[in-house]
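Following: one structure in C-alpha cells, then a few remarks.
For the single chain, residues carry numbers from 1 onward in sequence order.
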Amino acid sequence: MRPALCALLVLLFVARPVHSQCPDGSPPPCVRAPSAPSRYSVAVLPFENRARDTSFTLLAEGLADQITTNLGAIQLLEIKPPASVRFVLGRIPREPERLARALGSRWLVDGQLLPSGTSVRVSVQLIDAASDRVRWTGVFQRPSDDLFAVISAVADSVATAIVGTLAPPERARLVRRPTIDNAALEAYTRGVAALHHLDEIDLRFATAQFERAVATDSTFAQAWAGLAEALIWLDLYAPPSDVTPRARAAAERALELDSTSAVALGVLASITVGYDWDPVRGESLARRALRQDSSYGRAWVYLGDALAAQSRGAQSAAAYRTAVAADTLDEDVALEAALGLNVVRRTDEALALARRWRGFLPGSVQWDAVGATFLVGAGRCGTSPPATPITPIALACAGQPGAARAAADTLIAQIERGRHVPAILLAGTFVGLADREAALHWFARAVDAREYSMVFARQDPLWDWLRNDPRFTAQLDRIRPAP
C-alpha cells in the first residue's frame, strides 16, 4: 500500500492540523499506559541539538536511532519502537514522567549533542521513570571523525546500567562497526533521521545522504538498504519507472553485502508485489524479511499486500493486524494496514482503525481521505460522510461534487505543469464523482505507470463500480507479472 498518497494530498491542499492530547499530557485515546512496565523496557528519545547550526539537528536525531539499533542487540532489553517515541514526543512536553507513562517504558535515554571544533560532545542521562530519578549520566567527548565511538559507548553504558554485566557476544555486537568510514556513518545517520518524515524534501535529502554514504564506503550494507527504502517512497513524487529500478539495485547490493538485511528484503518484497506485479515471489521475500526481524511492521504489511494480491483475504488480514500490533503508534504502518484491510473487504475493520487514528489525531485530513476511500468503495458515503472534507475524494464522498471536481482539476493542472501526481488518486476521485470516462482514463494512466496500488485492482472494492465495463476488464488483463 502507499498511505503517503493521502499525505501527498494533504501537502497539496492544506497543512497538517495541530493535534490534541489527554489531560495528563499523554496522546489520545485517554487511557493510561500500564502502571508497571517491564523493568527492562527502554525508550531512546531523539537527542537535542545544542549547536547554533541547525544542520546538526538530523545528526542529533539520528544518533538516537543508532543507539536504539545497538541496544536492540541486548536480548533482555525491550526497546520501544522509534515511531512510537517520535509520535509521543511530538505531542506532549519533554517531561520524563509523562513520556514514560505514555510510552509504557521504565527507562528513558535522553541526550544532547554539541559539536565543537574537531570534536563532538554528547551528554546523556538514563532516567528511571519508576522513581523519577536519574540513574546514570555520562559525557562523551570524541573526535568528530569517530562518531561510532560515541554510539557504542552510550549503548554500552546504558545497557550495563539497566541489565548489569553483558555477555561477551552482546558486548561484541555493541562494538561491531557497520562501516569503518566516519563520513559514511555520519551521512547514513542523517539519512535515517530524514527518512522518518516521508515528505518530499526529507526523502530527497535522505536519498542524497545515503548516496553519499555508499559513495564513500561501497561496502556499507545498511546505507544501501536505507537508499533502497528512501527510493521506493520517492515514487510518490516521481514516476515509479524513474526510482524503482534504482531502489531494486540498491536493495540487491545491500543483500550482496548482508544477506540478512530485513530492510533490503522488505524493499524487494514491496517492489516485487507492487511494481513487478508478482505477489507469489513477493510473499517469499516478505517471509524472508520476517525471519530476520519478526517485529518489522512494514514487512508484515508487504506480506499482507502479497497475500491480498493473491486473493488470500483471511491470511492477508491477519498479516495487517500483526503489522499494527508491531508498533501501535506507527501512523504510516497503520495507514498501510487500513488500506490493505479495505482491499480484502474488511471495510468495517479498516474504518474502525481509521476512527481510532482520528481519535489520536482529531481533524486529520489524511485519515479523512483514507476513510472517504473506504466509504466510496462500500457505497456508504451518504450514511457517514467525512467530517472535514478537503481532499478530492473526501469532497466527493461528502456530496460536494463541484468542489471535488475543482480539486481534481487542480491536480490535473499540476500534472500538466510537470509535477508528478499518482494517477490513482484521480481515478478514485472520479469513481466518487460517478464519472466513468474520467475514472477509466486515469485508471489506465495508473496501469501505464505501474503504480503500486494497481496490483490490488482485482480485489479492491473501490473499483467495483467499474467491473461491468469491458474496458475496465481489459485494463485488469494488463496487470500481470512480466514474463
Side-chain angles (χ1 to χ4, degrees), residues 2-5 7-8 10-11 16 44 46-47 49 53-69 81-83 85-87 90 113 147 151 178-179 181-218 220-240 242-254 257-258 261-268 270-271 296-299 301-302 330-333 335-336 420 452:
R2 279 292 183 268
L5 291 176
L8 174 60
V10 172
L11 290 172
R16 284 179 180 258
V44 182
F47 286 8
N49 172 28
D53 186 347
T54 58
S55 68
F56 286 100
T57 299
L58 284 176
L59 181 61
E61 293 177 5
L63 273 175
D65 285 306
Q66 297 310 300
I67 292 166
T68 299
T69 298
V85 176
R86 291 191 299 274
F87 182 92
L113 169 71
L147 185 64
I151 295 168
T179 174
D181 191 286
N182 186 74
L185 180 60
E186 182 175 330
Y188 171 76
T189 300
R190 294 177 190 270
V192 169
L195 186 57
H196 294 321
H197 302 289
L198 291 183
D199 59 49
E200 183 175 8
I201 292 175
D202 283 306
L203 281 172
R204 293 193 183 280
F205 180 83
T207 299
Q209 291 299 302
F210 292 135
E211 288 176 333
R212 177 184 171 194
V214 298
T216 305
D217 179 1
S218 63
F220 191 176
Q222 291 175 340
W224 282 110
L227 176 59
E229 190 166 30
L231 285 167
I232 62 165
W233 285 100
L234 269 177
D235 71 358
L236 297 166
Y237 308 101
D242 288 356
V243 293
T244 307
R246 294 165 58 200
R248 190 200 307 274
E252 289 173 345
R253 174 60 175 155
L257 297 165
D258 177 10
S261 172
V263 172
L265 287 165
V267 168
L268 284 181
S270 173
I271 292 171
Y296 183 17
R298 290 222 171 117
V301 168
Y302 301 145
D330 188 327
E331 184 181 8
D332 296 311
V333 166
L335 276 163
E336 295 186 67
H420 175 72
Y452 191 94

From NE2 (His197) to CZ (Phe205), nearest 0.5 Å: 10.0 Å
Heavy-atom closest pair, residues Ala251 and Val267: CB-CG1, 4.1 Å
Closest heavy-atom pair and its distance - Ala228, Ala247: CB-O, 3.5 Å
Donor-acceptor list for residues 60-67 side chains, cut-off 3.5 Å, not counting sequence neighbours:
{"residue": "Asp65", "atom": "OD1", "partner": "His196", "partner atom": "NE2", "Å": "3.2"}
{"residue": "Asp65", "atom": "OD2", "partner": "His196", "partner atom": "NE2", "Å": "2.9"}

Residues forming a side-chain contact (heavy atoms from CB on, under 4.5 Å) with Asn182, sequence neighbours excluded: Asp145, Leu147, Glu186
Partner set under side-chain contact (heavy atoms from CB on, under 4.5 Å) for Thr244, not counting sequence neighbours: Pro240, Ile271, Tyr275
side-chain contact (heavy atoms from CB on, under 4.5 Å) partners of Ala238, counting only residues at least two apart: Arg204, Val243
Heavy-atom pair of closest approach, residues Ala193 and Leu58: CB-O, 3.4 Å
Where Thr68 and Pro82 come nearest, the two heavy atoms and their spacing: CG2-CG, 4.1 Å
Partner set under salt bridge (charged side-chain N to carboxylate O under 4.0 Å, His left out) for Arg253, not counting sequence neighbours: Glu256
Rounded distance [0.5 Å steps], NE2 in His420 versus CG in Leu236: 7.0 Å
Residue pair Asp258 / Gln222, side-chain heavy-atom distance below 4.5 Å: no
Note, Val192 side chain near Thr69 side chain (heavy atom, < 4.5 Å): no
Test item: Leu227 and Thr207 side chains (from C-beta on) under 4.5 Å apart, heavy atoms: yes
Set of residues satisfying ring-ring contact (aromatic ring centres under 6.0 Å, His included) with respect to Phe220, sequence neighbours excluded: Tyr188
Heavy-atom side-chain contact between Glu211 and Arg246 under 4.5 Å: yes
Sidechain-backbone polar pair: Trp224 side chain, Ser218 backbone, donor-acceptor under 3.5 Å: yes
Straight-line distance of Tyr302 OH to Ile232 CD1, nearest 0.5 Å: 4.0 Å
Distance-minimising heavy-atom pair for Pro178 and Leu185: CG-CD1, 4.1 Å
Where Ala225 and Ala254 come nearest, the two heavy atoms and their spacing: N-CB, 3.7 Å
Heavy-atom check, side chain of Glu200 versus side chain of Trp233, under 4.5 Å: no
Derivation and outcome, side-chain hydrogen bond (donor to acceptor under 3.5 Å, both in side chains), residues Thr216 and Asp181: CA-CA 7 Å; Thr216 305; Asp181 191 286; 5.0 Å; no
